[in-house]
Amino acid sequence: QVQLVESGGGLVQAGGSLRLSCAASGRTVSEYAMGWFRQAPGKEREFVAADILGGGSPYYAAAVKGRFNISRDNAKNTVYLQMNSMKPEDTAVHYCAADTKMIVPGVEPGYWGQGTQVTVSS
């Protein structure tokens, strides 16, 4: 099975950018649909973005559409989340996710990373 490790979180000012990375091991990301979720303090974990196994247009939560971009580099076995025009409400632990079929908002994916904290100051 695949193991996922996120990195790239940190503190950023509102309007700034961060790029999260999700490095996979054990299996290759080309075998999985990949995505990102986040969980803010006191809230449930929510879907952020995902791509489609085999290609196709990525899809995003309404709250991040137009600001965030998910991409993958199969040669590096890594998935990225580029976050631009960040807002204080983006503050959350961000989790990488993988599934052998599809990442579906509200549905538990097959695999999770351990999460990386993102904090946006106003």
Side-chain angles (χ1 to χ4, degrees):
Q1 63 182 30
V2 67
Q3 291 83 45
L4 305 172
V5 178
E6 301 94 334
S7 61
L11 175 64
V12 64
Q13 288 189 331
S17 298
L18 276 179
R19 188 177 79 159
L20 304 183
S21 299
C22 172
S25 61
R27 302 295 292 260
T28 61
V29 295
S30 61
E31 300 176 69
Y32 298 90
M34 302 296 297
W36 291 89
F37 290 72
R38 67 188 183 186
Q39 186 167 21
K43 295 186 177 181
E44 293 187 352
R45 187 149 44 185
E46 64 177 7
F47 169 78
V48 174
D51 66 9
I52 297 175
L53 182 61
S57 297
Y59 45 104
Y60 301 88
V64 307
K65 194 170 185 179
R67 299 189 297 120
F68 289 13
N69 183 67
I70 184 172
S71 62
R72 63 165 73 198
D73 185 333
N74 287 340
K76 294 184 177 180
N77 218 24
T78 299
V79 176
Y80 304 98
L81 184 68
Q82 178 67 44
M83 304 183 292
N84 301 322
S85 302
M86 297 186 72
K87 304 176 181 180
E89 50 264 44
D90 294 323
T91 295
V93 178
H94 284 64
Y95 297 90
C96 181
D99 195 273
T100 56
K101 296 183 179 179
M102 186 175 181
I103 299 292
V104 179
V107 177
E108 187 86 0
Y111 305 94
W112 291 108
Q114 85 290 348
T116 186
Q117 176 68 46
V118 171
T119 303
V120 185
S121 63
S122 57

Query raised in the report: Is there a side chain to side chain contact (heavy atoms under 4.5 Å, CB included) between Val29 and Asn74 once you walk through the steps?
Result: CA-CA 6 Å; Val29 295; Asn74 287 340; 3.2 Å; yes
Supply the atom-to-atom distance [X] [atom1] to [Y] [atom2], rounded to the nearest 0.5 angstrom.
{"X": "Leu4", "Y": "Ser25", "atom1": "CG", "atom2": "OG", "answer": "7.5 Å"}
{"X": "Arg19", "Y": "Met83", "atom1": "CZ", "atom2": "CE", "answer": "11.0 Å"}
{"X": "Gln13", "Y": "Ser121", "atom1": "CD", "atom2": "OG", "answer": "5.0 Å"}
{"X": "Cys96", "Y": "Gln3", "atom1": "SG", "atom2": "CD", "answer": "12.0 Å"}

Query raised in the report: So, Asp51 side chain and Pro58 main chain: donor-acceptor pair closer than 3.5 Å or not?
Result: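 Checked: no pair found.
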Could you report the tightest heavy-atom contact between [X] and [Y], atom names first, then the distance?
{"X": "Ala50", "Y": "Ile70", "result": "CA-CD1, 3.8 Å"}
{"X": "Ala63", "Y": "Arg38", "result": "CB-NH2, 4.1 Å"}
{"X": "Ala24", "Y": "Arg27", "result": "CB-O, 4.3 Å"}
{"X": "Arg72", "Y": "Met34", "result": "NH2-CG, 3.3 Å"}
{"X": "Ala14", "Y": "Ser122", "result": "CB-CA, 4.3 Å"}
{"X": "Leu53", "Y": "Thr100", "result": "CD2-O, 3.4 Å"}

Query raised in the report: Would you say Trp36 and Tyr80 are hydrophobically clustered, going by side-chain heavy atoms of ILVMFWY under 4.5 Å?
Result: no
Query raised in the report: Do Val79 and Leu18 belong together in a cluster built from hydrophobic side chains that touch within less than 4.5 Å?
Result: yes
Query raised in the report: More than 12 heavy atoms of other residues, nucleotides or ligands under 6.0 Å from CD of Glu108: is that the case?
Result: yes
Report task. Assess whether side chain to side chain contact (heavy atoms under 4.5 Å, CB included) is satisfied between Tyr59 and Ile52, documenting all intermediate values. Result -> CA-CA 8 Å; Tyr59 45 104; Ile52 297 175; 3.8 Å; yes
**Report entry** Option among Tyr95, Tyr111, Trp112 that satisfies the ring-ring contact (aromatic ring centres under 6.0 Å, His included) test with Phe37
**Finding:**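 Exactly one pass, corresponding to Trp112.
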Query raised in the report: If you measure only the distance, is there a donor-acceptor pair under 3.5 Å linking the side chains of Thr28 and Asn77?
Result: no
Query raised in the report: So Asp90 and Arg67, side chain to side chain contact (heavy atoms under 4.5 Å, CB included) or not? Walk me through it.
Result: CA-CA 11 Å; Asp90 294 323; Arg67 299 189 297 120; 2.8 Å; yes
Query raised in the report: When Val118 is tested against each of Leu81, Thr91, Leu20, Val93 for side chain to side chain contact (heavy atoms under 4.5 Å, CB included), which residue passes?
Result: Leu20
